[in-house]
Amino acid sequence: MPTTILVVDDDRDIRNLLELYLRNEGYQVVHASNGAEALKTIEKQKIDLVLLDIMMPEMDGLEACIAIRTNHQMPIIMLTANANDIQVIQGLSMGADDYVTKPFQPLQVMARVKAQLRRYFQFTTPTSSKEKISLQYVSIDVRKREVKVEDKLVSLTPREYDILLLLAQHADIVMPTEQIYERIWKEEMLTSHNTVMVHIRKIREKIERDPKRPTIIQTVWGVGYKAAARID
């Protein structure tokens, strides 16, 4: 199956420009001119990555991002006219994975698309033979990239899912914070540990019965985190 990119922008020229470069890279491309059209397209066919403009009529990119993340985990790259815009921060907090500022260099967009797809496909393909992993009352369907808490489906962002899966595949083994960061972000951790800590907190809020007293994702002070398959 070819990798399919959904380009969502109300500007036809931008859609056509991105399609030209994406097709040259071997990707299949589909278009949408607003968020509502994008959602209909995603429900009709398999989409591997979304390039999503923020400012659009009918349904803007932020609304669309929230709606997409309700049921889907593919990478989302936001297209924005202002890199300092509060909307960029909102988009990232709502589940977007990256952003590109207009006017952009098409080759820069291609590089970001490749990076996001590389990470996405790596974690879509299980690194263990198990298709389903259980952590106490949480179950992970690796093939579907779905997480259930006591049989109720919960929505995680791609990075939240990737972190949870990484820890689950190494259950009861302490993983250093630096290793988690480098495995998920694919780069050396040069800043503080706050990035991983924030994502762990958000995961706990979604899967733990009591996020303030977590039993599934446990902190090993001064080292990192581990996923506990059973309650001691």
Side-chain angles (χ1 to χ4, degrees), residues 39 42-43 46-50 52 62-76 89-98 116 119-177 179-185 193-221 223-232:
L39 294 177
I42 289 171
E43 294 308 317
K46 180 178 179 294
I47 301 296
D48 297 297
L49 182 143
V50 181
L52 183 62
L62 296 179
E63 293 177 281
C65 184
I66 295 172
I68 292 170
R69 279 291 171 256
T70 301
N71 297 305
H72 302 281
Q73 301 293 335
M74 79 284 282
I76 298 174
I89 300 173
Q90 291 175 329
L92 293 172
S93 67
M94 291 171 182
D97 298 276
D98 201 353
Q116 290 296 332
R119 182 181 64 83
Y120 177 64
F121 287 139
Q122 176 184 353
F123 285 97
T124 300
T125 304
T127 57
S128 72
S129 59
K130 291 184 178 180
E131 291 191 356
K132 293 189 177 180
I133 304 174
S134 296
L135 297 172
Q136 301 173 37
Y137 49 86
V138 172
S139 62
I140 303 171
D141 188 319
V142 178
R143 183 175 59 84
K144 295 181 179 179
R145 287 178 66 91
E146 289 183 348
V147 177
K148 291 184 178 180
V149 177
E150 297 175 327
D151 295 325
K152 182 179 179 181
L153 192 65
V154 297
S155 178
L156 302 180
T157 69
R159 280 196 173 136
E160 290 169 359
Y161 174 85
D162 291 345
I163 292 171
L164 178 60
L165 178 60
L166 177 65
L167 293 172
Q169 289 175 326
H170 300 81
D172 299 315
I173 298 175
V174 179
M175 297 201 70
T177 304
Q179 184 178 355
I180 296 172
Y181 184 92
E182 291 170 4
R183 288 283 297 272
I184 302 302
W185 276 265
H193 294 188
N194 288 344
T195 301
V196 174
M197 181 180 67
V198 168
H199 280 75
I200 293 291
R201 186 182 72 239
K202 291 180 179 178
I203 297 169
R204 284 170 170 166
E205 290 172 352
K206 295 177 180 180
I207 70 169
E208 298 277 2
R209 287 172 176 163
D210 184 355
K212 294 182 179 179
R213 296 179 177 82
T215 62
I216 297 174
I217 300 183
Q218 300 177 1
T219 301
V220 180
W221 295 107
V223 182
Y225 302 91
K226 73 172 182 177
R230 299 176 181 80
I231 299 177
D232 295 333

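Residues forming a salt bridge (charged side-chain N to carboxylate O under 4.0 Å, His left out) with Glu150 (at least two apart in sequence, or on another chain): Arg209. Among residues two or more places apart in sequence or in another chain, the side-chain contact (heavy atoms from CB on, under 4.5 Å) test is passed with Ala64 by Leu52, Met59. For Asp97, the salt bridge (charged side-chain N to carboxylate O under 4.0 Å, His left out) test picks out Arg69, Arg119, with sequence neighbours left out. In this structure Arg159 satisfies the salt bridge (charged side-chain N to carboxylate O under 4.0 Å, His left out) test with no other residue, sequence neighbours excluded. Qualifying ring-ring contact (aromatic ring centres under 6.0 Å, His included) partners for His72, counting only residues two or more places apart in sequence or in other chains: none.
Closest approach of Met74 and Val50 over heavy atoms only: CG-CG2, 4.0 Å. The heavy-atom pair separating Tyr225 from Ile180 by the smallest distance is CD1-CD1, 4.0 Å. The two residues Ile140 and Ala168 have their closest heavy-atom pair at CD1-CB, 3.6 Å. For Ala96 against Cys65, the heavy-atom pair with the smallest separation is N-SG, 3.7 Å. When all heavy atoms of Gly224 and Thr177 are compared, the pair lying nearest together is CA-OG1, 3.6 Å.
The CG atom of Asp172 sits 6.0 Å away from atom NZ of Lys226, with the distance rounded to the nearest 0.5 Å. The line from CG of Leu165 to NE2 of His170 is 9.5 Å long, rounded to the nearest 0.5 Å. For the atom pair Lys148 NZ and Ser134 OG, the distance stands at 11.5 Å (nearest 0.5 Å). A distance of 10.0 Å separates CZ of Arg183 from CG of Leu167, quoted to the nearest 0.5 Å. Remark: Asp98 CG to Leu92 CG distance equals 7.5 Å, nearest 0.5 Å. Separation of atoms CZ (Arg145) and OH (Tyr161) is listed at 5.5 Å; rounding is to 0.5 Å.
Annotation for Asp151: atom CG does not count as buried by contact number, only 12 or fewer foreign heavy atoms lying within 6.0 Å.
A heavy-atom distance below 4.5 Å is not found between the side chains of Leu156 and Ile163.
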Throw together a table of side-chain donor-acceptor distances under 3.5 angstrom for residues 196-208, partners on residues two or more places apart or in other chains.
| unit_1 | atom_1 | unit_2 | atom_2 | d |
| --- | --- | --- | --- | --- |
| His199 | ND1 | Thr195 | O | 2.9 |
| Arg204 | NE | Ile217 | O | 3.0 |
| Arg204 | NH2 | Ile217 | O | 2.8 |
| Arg204 | NH2 | Thr219 | OG1 | 2.8 |
| Lys206 | NZ | Ser155 | O | 3.1 |
| Lys206 | NZ | Glu160 | OE1 | 2.7 |
| Glu208 | OE1 | Thr215 | N | 3.0 |
| Glu208 | OE1 | Ile216 | N | 3.3 |
| Glu208 | OE2 | Ile216 | N | 3.0 |
| Glu208 | OE2 | Ile217 | N | 2.9 |

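Each of Leu164, Val147, Val149 was checked for a side-chain contact (heavy atoms from CB on, under 4.5 Å) with Leu135, and the lone residue meeting it is Leu164.
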